[in-house]
Amino acid sequence: MLLRSTAGSITTLAGVLLILPGLMMLLPGSLAETVSPYLPSNAGSAIMALNPSDGSLSPWAGLAVFSGYVVVALGPAAYRLKKTGV
């Protein structure tokens, strides 16, 4: 409901889940190591990890970060849906 375009939604999803983690390699080392665990793909992977690796989030922290992304995406979408009256 936020983008109101199927193509725009798919492009945004692909950009956030596939392209953004690759762009993290362009950041300086310490900044990339700090930001990388909080990306949606890495936070989702941390939820399913049996043995968390160094530098990744714990499963519960990954769940909290991923839930935060869901709230940030669905909150404005629900507001806009209610505002338009669809």
Side-chain angles (χ1 to χ4, degrees):
M1 189 64 192
L2 277 176
L3 298 178
R4 298 185 58 95
S5 166
T6 304
S9 300
I10 292 171
T11 302
T12 302
L13 179 70
V16 168
L17 293 180
L18 301 175
I19 297 172
L20 193 59
L23 291 176
M24 285 292 118
M25 290 186 279
L26 298 175
L27 293 175
S30 62
L31 182 60
E33 290 175 5
T34 303
V35 174
S36 183
Y38 298 99
L39 294 175
S41 57
N42 295 343
S45 296
I47 297 169
M48 301 301 293
L50 294 176
N51 298 321
S53 62
D54 292 336
S56 69
L57 299 172
S58 68
W60 288 109
L63 181 63
V65 169
F66 199 75
S67 298
Y69 279 111
V70 170
V71 168
V72 166
L74 290 182
Y79 172 76
R80 185 165 176 184
L81 182 64
K82 185 157 178 91
K83 183 179 173 186
T84 59
V86 175

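Since this is a predicted model, take the numbers as computed values, not measurements. Sequential numbering from 1 along the given sequence is applied to the chain's residues.
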message: Within the supplied structure, the quantity of interest is the number of heavy atoms (other residues, nucleotides, ligands) at a distance under 6.0 Å from Tyr38 OH; does it exceed 12?
response: no
query: Backbone N or O of Ala7 within a donor-acceptor pair of the Thr11 side chain at under 3.5 Å?
result: yes
- request: Give a yes or no on whether Leu20 and Val35 share a hydrophobic cluster (residues Ile, Leu, Val, Met, Phe, Trp, Tyr; joining criterion: side-chain heavy atoms under 4.5 Å apart).
  value: yes
field: Heavy-atom closest pair, residues Phe66 and Ala43
entry: N-CB, 4.3 Å
field: Nearest-0.5 Å distance that lies between atom OG1 in Thr84 and atom OH in Tyr79
entry: 10.5 Å
Joint cluster assignment, Leu57 & Trp60, ILVMFWY side-chain distance < 4.5 Å: no
Heavy-atom pair with the smallest gap, counting every atom of Pro59 and Ala49: CG-O, 4.2 Å
message: For Val16 versus Pro21, what's the shortest heavy-atom pair and its separation?
response: O-CD, 3.6 Å
Heavy-atom pair with the smallest gap, counting every atom of Thr34 and Ser30: OG1-O, 2.8 Å
- request: Provide the closest heavy-atom pair for Ser5 versus Gly8 in the form atom of the first, atom of the second, distance.
  value: OG-N, 3.2 Å
message: If I take atom CD1 from residue Ile19 and atom OG from residue Ser41, how far apart are they, to the nearest 0.5 angstrom?
response: 12.0 Å
query: Which heavy atom in Asn42 sits nearest to a heavy atom in Pro37, and how many Å separate them?
result: CB-O, 3.9 Å
